[in-house]
Amino acid sequence: MSAKILPNLKYTDDHEWVLIEGDTATVGITDFAQNALGDIVFLEFPEAGESIEKGNSFGVVESIKSVSDLLAPISGEIIESNTDLCDTPDQVNQAAFESWMVKVKIADSSELDDLMDADAYQKHCDAQ
Amino acid sequence: MSAKTSLYDAHVKLGAKMAPFAGFDMPIQYTSVKDEVLAVRNAVGIFDVSHMGEFFVEGKEAISFVDYLVTNDIKGAEMNKAVYSPLCRDNGTVIDDLIVYKLREEKIMICVNAANIDKDWSWISSVKERTHFDCNISNRSAEFSLLALQGPKTEEVLSKIGLGENVSTIPYYAAIETSFNGHPVTLARTGYTGEDGFEIFSSHENIAFIWDAFMANGVVPCGLASRDVLRLEVGYPLYGHELNDDITPLDSALKWTIKMDKEDFVGKAALADYNPKLRLIKLVMDKGIPRPGYQVENKEGKVIGTIVSGTMSVVLGKGVALAHADRDLFPLKSEETDFIVDIRGRKYDAKYVKQPFVTGGHK
């Protein structure tokens with residue numbers, strides 16, 4: 001099985017993807033992650049206005065058999081939360097890269113340096 | 001280093017996600033837990049459960065010995081019947097839960113949980129040693145592979161591949177000794193999904209042929225993840241969750257398996273005097289997914305128990321759980337039905353139900 005990886009995104013080693021547009025970071029989980037989790041049946045992440053901190057859990061994704069933390073790829077305030085996605089969590093299985101969860105106002109752009117590009121992330125997935 | 005079942009390569013070839021379970025590298029899922037659960041509920045699926053253990057008790061007093069060894073009634077069961085039973089210590093605590101197959105007057109097979117093979121074997125050996133039943137016991141777990149064919153189309157598939165004769169005449173929880181390709185097979189109308197189905201015990205080589213025949217006939221390979229959802233949907237206990245070394249069967253809704261009327265058996269005296277501390281309850285949740293370890297509270301916010309198994313039910317699309325409740329805080333006579341489950345600090349409503357979450361279609 002080969003998971004899809006998009007060239008224009010940044011990635012965490014915990015399998016979140018990040019789309020950077022100006023000072024906004026849009027966050028979801030990768031195709032590799034949804035495939036590893038299996039049928040996703042529950043999502044939970046904060047609403048707009050709350051802040052998240054890089055490396056900390058900001059929500060959960062549950063498959064039928066497991067609970068996994070969503071780890072914040074960067075710090076900042078959530079400016080938009082895709083709460084509709086929580087009603088159709090299987091969307092993440094269908095299209096992981098279209099299933100964004102939160103948009104964050106980037107607090108510290110130096111944190112972006114810790115994210116992987118597509119090539120590095122591909123290698124990271126291959127090693128798992 | 002995990003052990004492999006004889007079908008390991010077949011699982012890998014099918015793209016199964018493999019993970020260690022009870023010392024074996026087992027297929028957890030092939031495609032999706034949901035699809036595999038639905039295949040078993042609506043059609044037919046096949047599980048490799050070769051990690052489970054097979055013990056044999058043979059000889060003149062085989063039946064008497066096993067009747068003394070376990071809490072359920074073996075002597076009184078008809079020939080060829082399979083009997084689910086706890087295996088208890090003298091103090092009544094549960095060593096394992098297992099299935100006793102009364103194959104012949106002088107031959108009994110016992111199928112035990114993979115994680116408990118060594119523990120069970122040493123216990124059964126010690127009971128054998130301290131008593132004087134005229135029989136031999138043997139641990140033949142390594143010789144057998146075991147498949148569980150489960151689902152409403154089970155009979156159809158067995159007749160297609162030519163395994164067993166007149167399988168429709170075999171009652172639920174009964175077993176026959178038959179053959180496939182000239183090799184012996186024990187075919188038992190058991191399983192742990194609530195659906196009709198058969199468990200197929202045979203040599204590794206023969207099981208490989210049988211597996212291939214099922215694959216060629218469209219049987220859906222299913223992993224342990226879907227098996228766990230299936231057993232939980234019908235409310236069956238799983239050792240390590242509903243049962244463990246520290247509690248008795250009476251703490252986990254298994255009073256029906258303790259036959260106080262039969263002759264002496266291991267644990268009888270202790271269980272006769274025992275006041276259960278726990279009760280096993282079923283909870284359904286419209287929102288939130290219950291998981292083992294989550295606490296259950298009553299309406300007053302008092303913790304009354306802990307979830308021991310929980311998942312999203314594929315059939316219901318709701319969270320379902322088995323929980324151990326404290327009998328002092330949720331007595332048997334209580335009419336309470338509304339509870340709360342604490343999920344990561346948030347409170348979700350849970351309903352206590354008496355019936356299994358899903359009704360299986362077994363015979």
Side-chain angles (χ1 to χ4, degrees), chain A residues 1-4 14-15 29-47 49-53 56-72 78 81 83-96 99 101-102 125-128, chain B residues 12-19 21 26-40 222-233 238 241 285-294 307 309-321 341-348:
Chain A
M1 96 206 142
S2 65
K4 207 158 59 161
D14 195 56
H15 306 286
I29 66 166
T30 66
D31 191 43
F32 181 96
Q34 71 74 21
N35 188 45
L37 289 167
D39 304 296
I40 293 169
V41 290
F42 185 85
L43 293 168
E44 187 178 86
F45 41 80
E47 291 180 12
E50 294 190 44
S51 288
I52 62 174
E53 196 175 334
N56 286 357
S57 167
F58 72 97
V60 292
V61 47
E62 297 197 38
S63 68
I64 292 174
K65 293 298 298 169
S66 70
V67 183
S68 308
D69 281 318
L70 292 165
L71 297 183
I78 295 173
S81 176
T83 46
D84 287 351
L85 188 63
C86 299
D87 297 329
T88 54
D90 59 320
Q91 272 300 311
V92 182
N93 291 120
Q94 309 302 326
S99 304
M101 294 168 184
V102 292
C125 291
D126 290 347
Q128 296 211 343
Chain B
V12 171
K13 211 176 273 177
L14 284 164
K17 281 178 193 148
M18 308 294 290
F21 181 88
M26 297 300 289
I28 302 304
Q29 73 176 67
Y30 297 83
T31 56
S32 110
V33 176
K34 196 173 165 186
D35 293 350
E36 292 167 23
V37 167
L38 292 175
V40 170
C222 300
L224 294 186
S226 59
R227 187 173 161 85
D228 192 48
V229 174
L230 287 156
R231 70 94 193 164
L232 186 49
E233 283 185 336
L238 178 67
H241 292 257
M285 303 178 66
D286 288 335
K287 272 188 192 165
I289 305 170
R291 305 286 183 186
Y294 291 178
I307 287 169
S309 291
T311 191
M312 170 71 102
S313 162
V314 170
V315 170
L316 300 181
K318 294 179 181 184
V320 298
V341 175
D342 186 307
I343 303 180
R344 299 177 291 270
R346 278 197 211 177
K347 313 288 184 188
Y348 290 83

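Note that the structure is a prediction, hence the values are computed from the model and not measured. These values consider heavy atoms only, across backbone and side chains, with no hydrogens, waters or symmetry-generated copies. To find a chain, count down the sequence lines: A is the first, B the second, and so on, and within it residues start at 1.
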Extract the chain A to chain B donor-acceptor pairs under 3.5 Å, no hydrogen or angle test applied.
{"from": "A:N35", "atom 1": "O", "to": "B:K17", "atom 2": "NZ", "distance (Å)": "2.5"}
{"from": "A:D39", "atom 1": "OD1", "to": "B:S32", "atom 2": "OG", "distance (Å)": "3.3"}
{"from": "A:D39", "atom 1": "OD2", "to": "B:S32", "atom 2": "OG", "distance (Å)": "3.1"}
{"from": "A:D39", "atom 1": "OD2", "to": "B:V33", "atom 2": "N", "distance (Å)": "3.1"}
{"from": "A:D39", "atom 1": "OD2", "to": "B:K34", "atom 2": "N", "distance (Å)": "2.9"}
{"from": "A:E44", "atom 1": "OE1", "to": "B:R344", "atom 2": "NE", "distance (Å)": "3.4"}
{"from": "A:E44", "atom 1": "OE2", "to": "B:Y348", "atom 2": "OH", "distance (Å)": "3.2"}
{"from": "A:E62", "atom 1": "OE1", "to": "B:R291", "atom 2": "NE", "distance (Å)": "2.9"}
{"from": "A:E62", "atom 1": "OE1", "to": "B:R291", "atom 2": "NH2", "distance (Å)": "2.7"}
{"from": "A:E62", "atom 1": "OE2", "to": "B:R344", "atom 2": "NH1", "distance (Å)": "3.2"}
{"from": "A:E62", "atom 1": "OE2", "to": "B:R344", "atom 2": "NH2", "distance (Å)": "3.1"}
{"from": "A:S63", "atom 1": "O", "to": "B:R291", "atom 2": "NH2", "distance (Å)": "2.7"}
{"from": "A:I64", "atom 1": "O", "to": "B:R291", "atom 2": "NH1", "distance (Å)": "2.8"}
{"from": "A:I64", "atom 1": "O", "to": "B:T311", "atom 2": "OG1", "distance (Å)": "2.9"}
{"from": "A:K65", "atom 1": "NZ", "to": "B:D228", "atom 2": "OD2", "distance (Å)": "2.5"}
{"from": "A:S66", "atom 1": "O", "to": "B:R291", "atom 2": "NH2", "distance (Å)": "3.3"}

* Nearest non-hydrogen partners of B:M312 and A:I64, listed with the distance ->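 Taking every non-hydrogen atom into account, O-CG2, 3.7 Å.
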
* **Partners passing side chain to side chain donor-acceptor pair (under 3.5 Å) against A:D126 (at least two apart in sequence or in another chain)** =>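 Per chain and number, A:D126 pairs via side chain to side chain donor-acceptor pair (under 3.5 Å) with A:Q122.
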
* Given a strict heavy-atom distance threshold of 4.5 Å, which part of B:V37 is in contact with chain A: side chain, backbone, both, or neither? ->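 For B:V37, there is no contact with chain A at all, as no heavy atom is under 4.5 Å.
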
* Would you please name every residue forming a side chain to side chain contact (heavy atoms under 4.5 Å, CB included) with A:M101, sequence neighbours left out? =>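 So A:M101 forms a side chain to side chain contact (heavy atoms under 4.5 Å, CB included) with A:I29, A:L43, A:F45, A:L70, A:L85, A:V92.
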
